[in-house]
Amino acid sequence: METNPARSPALGSTRRSKPLPLGRQPSLRRGVGLALALSAVQAVGATEGSERPRARDWSLTGSVRLGAVATWTNSNLDPQHRPATRDPATDDEYDAGLDLYPLLDLRLRAPRGVSMYLTTPSDEYGVATGVTVPTTWGKVDIQACYVFSDSVWNDPYLLGLPREETDRERFGGTVALKDIGGTRWSTSYTLRRVDVEEDRAGHAHPELQRSGLTHRIELATSFDLGGGQLSGAAEYERADLDGDAAAYDAATVTVAWTVPWRRYLITLGAEVGYDTHRASHPLFGSTRDDLRLGGNALVTYREPFGITGAELGALSAWSNEDSNCDFYDAQSFHLGMFIGYHF
């Protein structure tokens, strides 16, 4: 499992992000809190777009954004060279970096509410395309997604020597029902295929093989609160990976509160999650369990310099993973800025 420094390397990154060590696929390259924050950025554009009158004819809407995020991480998993022991008492390693995140969302709207889209998913760095069709039960959304290939260590447990990288690919689809029965409730099911090209750790210890399938079910809603909007989601993820010690079950709850103030939108978010693996880890002699915590703050300034559709923003986020196998403990802090335009 990665320790939640985890989206795939961003296009145009100012450096090559260090490979992810182990199996669970969290949100952005750099942490749970950051994933929430950038998801909120996309939600801002979606909210503003929904306020416009629905066109009777074909129309094209969309948004483009570019974010720069600096990250500081304390973890035993980041260094290129491992010490000569897996002793959890080993001092944490410090890592810092700067990454760029381009985000795109294009939607072609047809009469009768049907729309087709091409987008950067809010929780994975890749490309997704799909169609949304209104029905009497709600909006049915069918999506196919390819997550850009990222790097992982082919043997995360190699001691005292430089590690080597290998590629990991993910692809799959999502089926969702949004605005169920005219309400603000939505639900979705996501399937991903995970392929690790050269899994030396998995070859040496079959219980640690990282390829396989992941399934995710999510239930989300939102409602008005205190002059703003409170949104929340509950998610269950099951990873049926080839290695029993790499396979896991994860439950996550997220909340976010967005409130407008003059030309600003302010979003505060939090996440808590718990993961449990299905078999004892062959190198640590224990079944791994992790508690994940994250929080973020995001401020968006709309129409700077009087430019209609433009936005400027700043974000901060924090994430922490506490494992019963201390080897996996990690904490990250993020600071970022972004610019965007939607039409």
Determine whether the side chains of [X] and [Y] contain a donor N or O and an acceptor N or O closer than 3.5 Å.
{"X": "T71", "Y": "H334", "value": "yes"}
{"X": "E218", "Y": "Y189", "value": "no"}
{"X": "S63", "Y": "D105", "value": "no"}
{"X": "S323", "Y": "D329", "value": "no"}
{"X": "T166", "Y": "N154", "value": "no"}
{"X": "T174", "Y": "T190", "value": "yes"}
{"X": "Q331", "Y": "N74", "value": "no"}

Taking [X] for the side chain and [Y] for the main chain, is one N or O donor matched with an acceptor at less than 3.5 Å?
{"X": "T120", "Y": "V127", "result": "no"}
{"X": "R278", "Y": "A239", "result": "yes"}
{"X": "N324", "Y": "D289", "result": "yes"}

Task: Intermediate values then yes/no, salt bridge (Lys or Arg N to Asp or Glu O under 4.0 Å), R168 and E197 - done: CA-CA 6 Å; R168 178 183 61 180; E197 183 176 344; over 6 Å; no
How many angstroms lie between [atom1] in [X] and [atom2] in [Y], if you round to the nearest 0.5 Å?
{"X": "L118", "Y": "L104", "atom1": "CG", "atom2": "CG", "value": "6.0 Å"}
{"X": "N296", "Y": "S316", "atom1": "CG", "atom2": "OG", "value": "7.5 Å"}
{"X": "T252", "Y": "Y274", "atom1": "OG1", "atom2": "OH", "value": "12.5 Å"}

Is it true that [X] and [Y] have a side-chain N and a carboxylate O under 4.0 angstrom from each other?
{"X": "D275", "Y": "R292", "value": "yes"}
{"X": "D240", "Y": "R238", "value": "yes"}
{"X": "D195", "Y": "R193", "value": "yes"}

TODO: Can you establish whether the number of heavy atoms outside D141 located under 6.0 Å from its atom CG is more than 12?
DONE: yes
Open item on the list: Given the ring of Y328, does R288 sit roughly above its face, with NZ or CZ under 6.0 Å from the centre of the six-membered ring and within 45° of the axis?
Closed with: yes
- [ ] Evaluate the side-chain hydrogen bond (donor to acceptor under 3.5 Å, both in side chains) criterion for residues D249 and Y236: first the C-alpha distance (whole Å), next the side-chain angles of each, then the deciding distance (0.1 Å), finally the verdict.
- [x] CA-CA 7 Å; D249 296 275; Y236 167 70; 2.5 Å; yes
Open item on the list: Grouping I, L, V, M, F, W and Y whenever their side-chain heavy atoms are under 4.5 Å apart, do I266 and L225 come out in a common cluster?
Closed with: yes
Open item on the list: Checking Y264 now: which residues fulfil ring-ring contact (aromatic ring centres under 6.0 Å, His included) with it, not counting sequence neighbours?
Closed with: W261, Y301
Open item on the list: Tell me which one of R65, R263, R302 satisfies salt bridge (charged side-chain N to carboxylate O under 4.0 Å, His left out) with E311.
Closed with: R65
Task: Minimum side-chain heavy-atom gap I180-W137 below 4.5 Å - done: no
TODO: Assign the ring pair Y157 / H281 to parallel, tilted or perpendicular, where the plane angle (0 to 90°) is split at 30° and 60°.
DONE: perpendicular
Task: Sole residue of R107, Q143, R109 in side chain to side chain donor-acceptor pair (under 3.5 Å) with Y117 - done: Q143
